[in-house]
Amino acid sequence: MPDQKYDHLAVEEKWLQKWEASQLFCGGDLSLSEAEAKDKEYLLYAFAYPSGSGLHVGHVEPKTALDIQARFKRMLGKKVFFPVGWDAFGLPAENYAIKTGIHPKQTTKTAIDTFRGQVKRLAISYDWSKEIATNHPEYYRWTQWIFQKLYQKGLAYQGEGKVNWCPSCQTVLANEQVVNGLCERCDSQVIQKDLKQWYFKITSYQDELIDGLEQVDWPNPTKQQQINWIGRSKGLSIDFNLAETKQKLTVWTKFHETVFGTTFLVIAPEKFLEMQLEEQVPTDRKSTVQAYLDQAFKKTEEERKIGEKDKTGVDTGLLVINPVNGQRVPLYIADYVLMNVGTGIVMGVPAHDERDFAFAKKYGLGIKQVVSYADQALNDAVAKGEKPFEGEGVLVNSAQFDGLDAWGEGKKAMAEWMIEAGFAKWQTTYKLRDWLISRQRYWGAPIPVVYDPEGQAHLVKEEHLPWLLPEDVDFKPTGESPLRSSKEFHERVERLYGKGWTPEYDTMDTFVDSSWYYLRYCAARDHEQFADKKVLATWMPVNLYLIGPEHIVLHLLYSRFFTKFLRDEGYLDLPSGEPFAKMRHQGMILGPDGRKMSKSKGNVINPDEIIKEYGADTLRVYEMFMGPLEADKPWNPRAVAGVARFLRKTYRLLTLEIAKYQAGSLKMAENRQELLQKLHWAIQKLTVDLPELKYNTAIAALMELSNVFEKMSSEQVHLLDKTEIVDYIKLLAPLAPFMAEELYEQSRVLGLAAQKSVHLESWPKFDQAFLLEANTNLIIQVNGKVREQLSWPTEALADKEAILSHVRGLASMQKWLADKSIKKEIYVLGKVVNLVVV
RNA sequence: GCCGAGAUGGCGGAAUUGGUAGACGCGUAGGUCUCAAAAACCUAUGAAGGCAACUUCAUGAGGGUUCGAUUCCCUCUCCCGGCACCA
């Protein structure tokens, strides 16, 4: 019998070379016939930033998970598109350049080369002929082209205003990149700064960005988070007028039924300036108001948050008329009212809002109850002005609406009345802001804009795209864009556009690059257009997108916006405008100590070392076996060895089985029913589990199969016929591609291996006949407790009476039935008998 | 505070149109092989009681619905993710 030792390094190196030479999955033609297109399968992994530290075990999980999908779907006969690329622009390479002086172009290239080698070593079956990198001019040329299309439609614009500024990264940040007032990247305190910046008008798609979610198969929490981020909220805007000048002050509220309880109005400091109300402030209050405004604008975002409990404000001395009852109430400025929520003006109803209550207490403002509650103690407290309450109740002090249900009839009637009277209307507000895309950084795609001597912005002419990133720059951060230091950049602009013309010095947020890469995959080498409309129509949307939960808000929102825009411009034939039909998230691989892996904690597992010790197959199968794909899971070094043991065992048993056919004429084992059953059960289990990404249970099934196989192992008789051996090998192919390929090659002696690679084979079919057993095990319960088991002929399972009378007569049942009477008998077909006795 | 997800042996986890809780793997104990070790294999392994057959308890806590609940409903506790002075 043969040498049973499996030399994982030799075997894996051998197949890496052979696969590379045969370009197994590369260079697929993307134009499909209509019939083929029905079977298309576009699999996408969120392309990685090629960091200098190389591949992490955390990268292995999603890549492997999708690779298994790709291999499995190919074996099912699907047309699989599984591309790869690099999100290569970004801060780390630039920061490294600042430190070392090495050009980001160089470090990025080196990092990509490292990643590519490591990914290939894992046998991820990408189509490398479509590989892209966002820092390549042939890629960012089209990023710039999309910018120009947005500009031409008025969806890219320059705006001046307060922006988030990270003093450490020396750049502005999008709202989405500020986490708890800190820079998402370096944790520095973010400050507010006035700057003229470029924005994309994502808000013009805000409704569709919510509604489109109904058409995609995404995890519900993810959808919910997107919806919350956009923050659509329906409310009523109500016009109050200044008593003197009748100037309109519009408030927005979701609780308009409490409008009779308004005892003051509060306006955000920014809004106060914007409406130029300071001129109307009575002379005796002017200096006080000005002092408050000055200190309010000095506060950073963070300071405003710290002040949460201690509400500050100032009386403007102006009075406002409540349109519902003509009452005059004071107007205050307070920074607890936010400029970008609603209209920036709030009606103060201290009896029914905690913040208004705190403010009213502090400044001695009136408190007026307009909703009465059933709980008398609570009602008394609200009436006495001891505490505010928001809840279900009956309207009081509200003129003709008294006695109506506050959240029902009252709310409805009052809205109708105010709208009819002409001082209110329904208004939907959103939390989503336009997307700020300017970055004062070097390593990104230049914004394709130039300025004439008068300072007017013009698009760079299309024939000048790609608008190349200059290379002669000083990386040292100065608070200004590094591109300013490029001599070549200035000369280029003057040469092409004329004397006195200047370039835009800012580059684009890298999220712009990654918002359309899945479209570029479909035309990776196209020099004429960003993508081919017909090819896009064939392959979009992506069938399965696997990304980390950290991308839920930013990347997905931006990508969906781009897709919808390109659809509207006629570049993309995709009615839904939804690029990702189905999405799932991978969890995090934690260190053996259950904590997030990090160098400082010393709990980092290096994938290269696992490959060296056990092989890439073991690494792949182990990571898939750890638990559900979406869960965070701790690494267990012992369990890796267990998976290696399982794979070696499977290899040993199958090589032995193949060798027996070479050894001479042996008989087939007499009683191998259990093994055949298990084999067909495993085929069925994998066929069901793999498309659902339930890899942990699929692998458990293969383990069960190998356990039965091993138990019966014999050198004297055959356990499997030739077809069964090859089917078994095919089952392993998506999960352990190296070992399966090696076994498949060995099985060539059986005369059945039809293809040059097992990965080009078709998926095995299971036979129902093996899954049905002659007898079925029934559970016998008494009062719901399991007391007995019964093996009953499967074909006679429908005969309820026979089963019940048999159960009643069982000797072993008598101790449960003696002295009792049967009240009820339950039989669930083929599963359970339950006797209810008293 | 609001939105969302979750809690099952010593550990990772399996099982839900309600029907044998703990598949599979790790760990642990005992054994086979060996001069010995490693490797490999075999057996046992939720807890408690019992010589045993077996019995009772057990899926974060408490209640409910049901012949029967890890699964459905209500209340609570704890942990995780996100948002948050959102009017």
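In the text below, chain A, chain B and the rest are named by the order of the sequence lines, each starting its count at 1. Treat the numbers as computed from the prediction; the structure is a model and nothing was measured.
Within 4.0 Å (heavy atoms only), A/R232 reaches no atom of the nucleic acid at all. Residue A/R638 is classed as a sugar-phosphate contact, given heavy-atom separations below 4.0 Å to backbone atoms only. Nucleic acid contact class of A/K431 (heavy atoms, under 4.0 Å, all strands): base. Within the 4.0 angstrom heavy-atom criterion, only backbone atoms of the sugar-phosphate kind lie near A/K785; the bases stay farther away. Among the protein residues, A/G342 comes within range of no part of the nucleic acid, since none of its heavy atoms lies under 4.0 Å from any strand. Residue A/W816 is classed as a sugar-phosphate contact, given heavy-atom separations below 4.0 Å to backbone atoms only.
The two atoms that bring A/L735 and A/V621 nearest to each other are O-CG2, 3.8 Å, heavy atoms only.
Annotation: B/A39 and B/G50 have their C1' atoms spaced 40 Å apart (nearest Å). Spacing between B/G62 and B/G25 at atom P, rounded to whole Å, works out to 33 Å. Rounded to whole Å, the separation between the P atoms of B/G60 and B/G6 comes to 13 Å. Spacing between B/U20 and B/G68 at atom P, rounded to whole Å, works out to 15 Å. Between the C1' atoms of B/U34 and B/C41, the separation comes to 14 Å (whole Å). Only the P atoms considered, B/G10 is 10 Å distant from B/A48, to the nearest whole Å. Nucleotides B/G12 and B/G64 place their P atoms 32 Å apart, quoted to the nearest Å. Spacing between B/A14 and B/A7 at atom C1', rounded to whole Å, works out to 16 Å.
In this structure A/D799 satisfies the salt bridge (Lys or Arg N to Asp or Glu O under 4.0 Å) test with no other residue, sequence neighbours excluded. Every residue meeting the ring pair (Phe, Tyr, Trp, His ring centres under 6.0 Å) condition with A/H256, not counting sequence neighbours, appears here in chain and number order: A/W426.
The side chain of A/V337 lies closest to B/A87, out of B/A87, B/A23, B/G4. For A/V341, the side-chain atoms get nearest to B/A87 when compared with the rest of B/A87, B/C24, B/C26.
Atom-to-atom, NE2 of A/H352 to C1' of B/A87 comes out at 14 Å; the value is rounded to the nearest Å. Atoms CG (A/L557) and P (B/G82) sit 17 Å apart, rounded to a whole Å. B/G81 atom C1' lies 19 Å from atom NZ of A/K223, rounded to whole Å. Summarising the geometry, the separation between CG on A/L647 and P on B/G25 is reported as 13 Å, rounded to the nearest angstrom. If you measure from atom CZ of A/F389 to atom C1' of B/G1, you get 14 Å, rounded to the nearest angstrom.
Under 4.0 angstrom from either OP1 or OP2 of B/U56 there lies at least one side-chain N or O belonging to A/R787.
Note that CG of A/L432 is 6.0 Å distant from CG of A/L557, once rounded to the nearest 0.5 Å. The CG atom of A/D689 sits 3.5 Å away from the OG1 atom of A/T697 when rounded to the nearest 0.5 Å.
Within the structure, the side chain to side chain donor-acceptor pair (under 3.5 Å) test picks out no pair touching residues 634-643 of chain A (sequence neighbours left out).
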Taking protein heavy atoms under 4.0 Å as touching, what does nucleotides 11-22 of chain B look like 5' to 3' if B marks base contact, S marks sugar-phosphate-only contact and - marks none? -BSS----BB--
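Of the residues near RNA chain B, A/W252 and A/N228, the one whose nearest nucleotide (by heavy atom distance) lies more toward the 5' end is A/N228.
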Under 3.5 Å, which protein N or O atoms sit close to an N or O of nucleotides 40-47 of chain B? Give each pair with its distance.
from	atom 1	to	atom 2	distance (Å)
B/A40	OP1	A/R645	NE	3.2
B/A40	OP1	A/R648	NH2	3.2

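Not less than 6.0 angstrom separates the ring centroid of A/Y614 from the ring centroid of A/Y622. For A/Y332 and A/Y363, the gap between ring centers is short of 6.0 Å.
Ion pairing between a basic and an acidic side chain is recognised when a charged N comes within 4.0 Å of a carboxylate O; A/E704 and A/K678 show such pairing.
Within 3.5 Å, a donor on the side chain of A/K311 pairs with an acceptor on the base of B/C85, or the reverse.
A cation-pi arrangement is absent between A/K311 and A/F359, since the terminal nitrogen or guanidinium carbon is not both under 6.0 Å from the aromatic centre and inside a 45° cone about the axis.
Counting non-hydrogen atoms of neighbouring residues, nucleotides and ligands closer than 6.0 angstrom, the CD atom of A/E550 exceeds 12 such neighbours.
Side chain to side chain, A/T64 and A/E623 fail the donor-acceptor criterion of an N or O pair below 3.5 Å.
Taking the six-membered ring where tryptophan is involved, the planes of A/Y558 and A/F511 are perpendicular, since the angle between them exceeds 60° and thus also 30°.
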Whenever both distances are under 3.5 Å in a Watson-Crick or G-U wobble pair, mark it; put RNA chain B into dot-bracket that way, with [ ] for crossing pairs and | when the partner is on another strand. ((((.((..(((......[....)))((((((.......))))))((((....))))..(((((..]....))))))).))))....
